[in-house]
Amino acid sequence: VFATSFIDPFQGTVAAIFAANELKIKNAAIFADSASDYAKGLADSFKETFEAAGGTIVSEEAYVGKDTDFRATLTRIKSENPEFVFKEMLRRNANIDQIIKSNKSIRVIKMLELDILANGDLAISDQALEDLDAVIVSVHSSFSMAKDRMMKRIFKGLSHPKAKIL
């Protein structure tokens, strides 16, 4: 059995649908790591799906993962007045916190995709989830468990207050 994470187009698509349908966002900016194929793939799929849902991308900006000063870039983004800024999060790092500190008037929604473990718990602790706004949950392993047990697992995972998307 092989388990993999979702591919970039799926993750970007889900984020765009969440922004357009759940958050009712009409215009967004994209802020992506130009040195990361993963980040660029997410940004491309977010843009395609968000625009297909009727949204408008008002700004596209790039950074390099090692950057720490985002003030000039965030000023450009802010000048376009987006309701939402899409940015990937490859790993928990100071970049997200730095972005938030650099410009408090830009809304940053922190999301992560997580495995629902065989017992129905999410793959990281509640303490680690505290800093997130929403979680995409999915099953990455133990695919052969009985259907009723699998459903209980999924329902338990979805019952977590941070779980917003399956």
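Residue numbers count from 1 along this sequence.
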Would you be so kind as to tabulate the donor-acceptor pairs closer than 3.5 Å made by side chains of residues 18-32, with sequence neighbours excluded?
| residue | atom | partner | partner atom | Å |
| --- | --- | --- | --- | --- |
| K24 | NZ | N21 | O | 2.7 |
| N27 | OD1 | E83 | N | 3.0 |
| N27 | ND2 | E83 | OE2 | 3.4 |

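- S125 pairs by the side-chain contact (heavy atoms from CB on, under 4.5 Å) definition with Q127, A128, not counting sequence neighbours.
- Using modelled atom types, one side-chain atom of S45 and one backbone atom of L42 make a donor-acceptor pair closer than 3.5 Å.
- Considering every non-hydrogen atom in both I77 and E61, the closest pair reads CG1-CG, 3.6 Å.
- Rounded to the nearest 0.5 angstrom, M145 CE and F143 CZ are separated by 10.0 Å.
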Which pairs of donor and acceptor atoms, one on a side chain in residues 151-160, lie under 3.5 Å apart (sequence neighbours left out)?
| residue | atom | partner | partner atom | Å |
| --- | --- | --- | --- | --- |
| R153 | NE | I116 | O | 3.0 |
| R153 | NE | L117 | O | 3.0 |
| R153 | NH1 | S141 | O | 2.9 |
| R153 | NH1 | S142 | O | 3.4 |
| R153 | NH2 | I116 | O | 2.7 |
| R153 | NH2 | S141 | O | 3.0 |
| K156 | NZ | N119 | O | 3.3 |
| K156 | NZ | D121 | OD1 | 2.9 |
| S159 | OG | K156 | O | 2.6 |
| H160 | ND1 | K162 | N | 3.0 |
| H160 | NE2 | D126 | OD1 | 2.7 |

>> If you apply the rule side-chain contact (heavy atoms from CB on, under 4.5 Å), what do you find for K164 with V135, and how did you get there?
In response: CA-CA 6 Å; K164 305 294 181 190; V135 175; over 6 Å; no

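- For T49, the side chain to side chain donor-acceptor pair (under 3.5 Å) partners at least two apart in sequence or on another chain are T13.
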> Would L122 and D115 count as a side-chain contact (heavy atoms from CB on, under 4.5 Å) if you check the C-alpha gap in whole Å, the side-chain angles of each, and the deciding distance to 0.1 Å?
Replying inline: CA-CA 6 Å; L122 299 184; D115 183 24; over 6 Å; no

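- A distance of 11.5 Å separates OG in S59 from CG in N81, rounded to the nearest 0.5 Å.
- Other cluster members for V58: none, since no ILVMFWY side-chain heavy atom sits under 4.5 Å from it.
- In plain terms, the two heavy atoms of L166 and S138 that are nearest each other are CD1-CA, 4.4 Å.
- Not counting sequence neighbours, the partners of E51 by the side-chain contact (heavy atoms from CB on, under 4.5 Å) test are K47, I57.
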